[in-house]
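A short worksheet on the structure shown next.
Keep in mind that this is a model prediction, so the values were computed, not measured. Residue indices begin at 1 and follow the sequence shown.
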Amino acid sequence: MTGQSGACPRFSVIVPVYNAARYLPACLDSLLLQQDAPPFELLLIDDGSTDESGAVIDRCAAEHPGRVAALHTANQGPILARREGIVRARGEYLLFADADDLLRRDCLAVVDARLRETGADLLIYNFAAFDEGAAPVTEPPVFPDGSVFEGADKRAVYGALIDSWRLNNLWFKAIRRQLMQADDTDYSAFSDNPMGDDLLMSLYPVTEASRIAYCSAPLYLYRNAPGSLTRRLDDLRYRRLCDARVMEQLCRYMARWGMDGEDWQTALFARMLCARIDACLSFFRRAEDAAARRQVLARDWFLNLPADRARCRAALRRLPRRQRIQYRCIRLRAAGLLYRLLRLASGRKG
C-alpha cells in the first residue's frame with residue numbers, strides 16, 4: 001500500500017472498487033479535483049476486480065503519491081473491502097464513495113466547515129441521483145438543514161433508521177475515525193450478502209456518536225447505472241433479498257436505543273414489507289412475458305419475516321392502499337391482476 005507518509009489528514013475517503021473501470025475515472029476526478037478541500041487521503045480498495053479497475057487505481061496512486069493509496073485484495077465483498085480501508089485510515093474523519101458515483105466539487109470543503117461549526121462526531125448530508133446525460137435530482141431532506149442531535153434528540157435519527165431507508169447509506173456520512181475503528185462487529189458473518197451493508201455499518205457509529213449533525217445540501221451524486229438490477233431472478237439473488245440478518249441486527253440496536261416497543265417493531269415490520277414488495281415488483285415489471293411473471297410470484301417474497309399475524313395486520317395498515325393491494329396480489333400469486341393494476345397505474349402517471 002502506498003501513500004501513507006506525512007501528517008495525518010483531515011479526511012480519509014474510502015472507495016471499494018469491483019469491476020468499475022467504466023465509471024471509476026470520473027469518480028476519481030471528482031475526488032481529486034475537490035475545491036478548497038482540507039488535507040485528505042484517498043484509499044482505493046480493489047476487491048478482486050477482473051476488469052481494468054486494478055490498473056486504473058494503480059495509475060492513480062502512482063500519479064498522486066502521498067495522497068492516493070491502492071490496496072488489492074481477493075474478492076470478499078464491499079463490507080470487508082470497506083473494513084480494509086477503515087483499519088488503514090489515518091484521517092480525523094472517514095468518508096465513503098462507491099466507484100461509480102461522484103462527489104460534488106465542494107463536498108469536502110462543506111463537510112469540513114459543517115464539522116467545525118457543530119463539533120459533530122458524525123455528519124449526514126444529502127445526495128442527488130442522476131442518469132447518464134441528465135441533471136441530478138436532489139432527494140428531499142430528511143431533517144431541516146443545520147439540525148444537530150445529541151442525547152435524547154438522537155431518537156429522531158434512530159427513528160428514521162427504523163422506519164425508512166433514507167439514512168442508510170455510508171456514502172453520505174462523515175464519521176469520526178475512532179468510532180469506525182472501535183466497532184468490533186464481526187462483519188465476516190454478513191459478508192456473503194452485500195445487500196443492506198450500508199445500514200449494517202452505520203448502526204455502531206450512529207449509536208456511539210455523541211453529536212450528529214445534518215446538512216441538506218446534496219454533496220454526493222449517486223449514479224443510476226443502467227443494468228444495475230438484473231432482469232433474471234436467480235436463487236442467489238432471491239436468497240439475498242430475503243435475508244433478514246441485517247434487520248435482526250437493527251432489532252438488537254433498537255433494544256439498545258430503548259425503541260423496541262410494539263409500535264417501533266410494527267414500524268420496522270412495515271418497512272420490511274415495503275422492501276419485499278418493491279423487490280418483487282422490480283422483477284415482476286421486468287419479466288418478459290406472462291409465464292415469467294408467474295415465475296416471479298411463485299417465490300415466497302415474505303420469507304424469513306416475523307409470522308405474527310396481528311403485527312402483520314398492524315404493519316399493513318401503515319402502508320398506502322396501493323401497496324396493501326400489491327401485497328395481497330403477491331400473497332395470492334395473482335399475476336394477471338397485479339399486471340393489470342401496474343399497467344393501469346403506469347397509464348395514470350403517463
Close side-chain approach of Ser49 and His72, heavy atoms under 4.5 Å: no

Note: Asp300-Arg276 ion pair, threshold 4.0 Å (strictly below): no

Over 12 foreign heavy atoms within 6.0 Å of CZ, Arg252: yes

Arg328 and Arg331, any side-chain heavy atoms less than 4.5 Å apart: no

Minimum side-chain heavy-atom gap Tyr204-Ile175 below 4.5 Å: no

Donor-acceptor pair, side chain of Ser147 and main chain of Pro144, under 3.5 angstrom: yes

Pair Phe283 and Tyr238, ring centroids less than 6.0 Å apart: no

Residue that, paired with Leu103, satisfies side-chain contact (heavy atoms from CB on, under 4.5 Å) out of Leu108, Leu219, Leu221: Leu108

Minimum side-chain heavy-atom gap Leu28-Leu44 below 4.5 Å: yes

Thr50 and Asn19: side chain donor to acceptor below 3.5 Å: yes

Asn75, CG: over 12 other non-hydrogen atoms inside 6.0 angstrom: yes

Set of residues satisfying salt bridge (charged side-chain N to carboxylate O under 4.0 Å, His left out) with respect to Arg83, sequence neighbours excluded: none

Neighbour count >12 (heavy atoms, 6.0 Å) for atom CD, Glu52: no

Audit row: Val68, Leu31, side-chain contact (heavy atoms from CB on, under 4.5 Å) steps and yes/no: CA-CA 10 Å; Val68 178; Leu31 289 158; over 6 Å; no

Rounded distance [0.5 Å steps], CZ in Arg176 versus CG in Leu122: 10.0 Å

Asp101 side chain to Tyr220 side chain, donor-acceptor N/O pair below 3.5 angstrom: yes

Rounded distance [0.5 Å steps], CG in Leu95 versus OG in Ser12: 9.0 Å

Geometric class of the Tyr214/Phe143 ring pair [parallel <30°, tilted 30-60°, perpendicular >60°]: perpendicular

Close aromatic pair by centroid cut-off 6.0 Å: Phe302 and Tyr327: yes

Chi angles and distances behind the ring-ring contact (aromatic ring centres under 6.0 Å, His included) call for Trp264, Tyr158: CA-CA 10 Å; Trp264 283 114; Tyr158 300 152; 9.7 Å; no

Distance (rounded to the nearest 0.5 Å) between Phe172 CZ and Cys215 SG: 12.5 Å

Side-chain heavy-atom pair Asn168, Ser202 within 4.5 angstrom cut-off: no

Check: Leu71 and Leu43 side chains under 4.5 Å, non-hydrogen atoms: no

Any side-chain heavy-atom pair of Tyr187 and Ile86 under 4.5 Å: no

SB check Asp197 Arg82 (cutoff 4.0 Å): yes

Pair Glu208 + Arg256: basic N to acidic O under 4.0 Å: yes

Given Gln295, Arg293, Arg294, the one that forms side-chain contact (heavy atoms from CB on, under 4.5 Å) with Phe284: Arg293

Evaluation steps, side-chain contact (heavy atoms from CB on, under 4.5 Å), between Arg299 and Asp235: CA-CA 10 Å; Arg299 306 272 189 174; Asp235 288 340; 2.9 Å; yes

Pair Glu63 + Arg59, salt bridge at N-O below 4.0 Å: no

Cation-pi geometry met for Arg67 and Phe40 (6.0 Å, 45°): yes

Distance under 6.0 Å and angle within 45° of ring axis: Arg114 vs Tyr125: no

SB check Asp112 Arg116 (cutoff 4.0 Å): yes

Leu123 CG to Arg211 CZ distance, which is reported to the nearest 0.5 Å: 12.5 Å

Residues Arg240, Asp234: salt bridge by 4.0 Å N-O rule: no

Ser53 vs Tyr18 side-chain heavy atoms within contact, under 4.5 Å: no

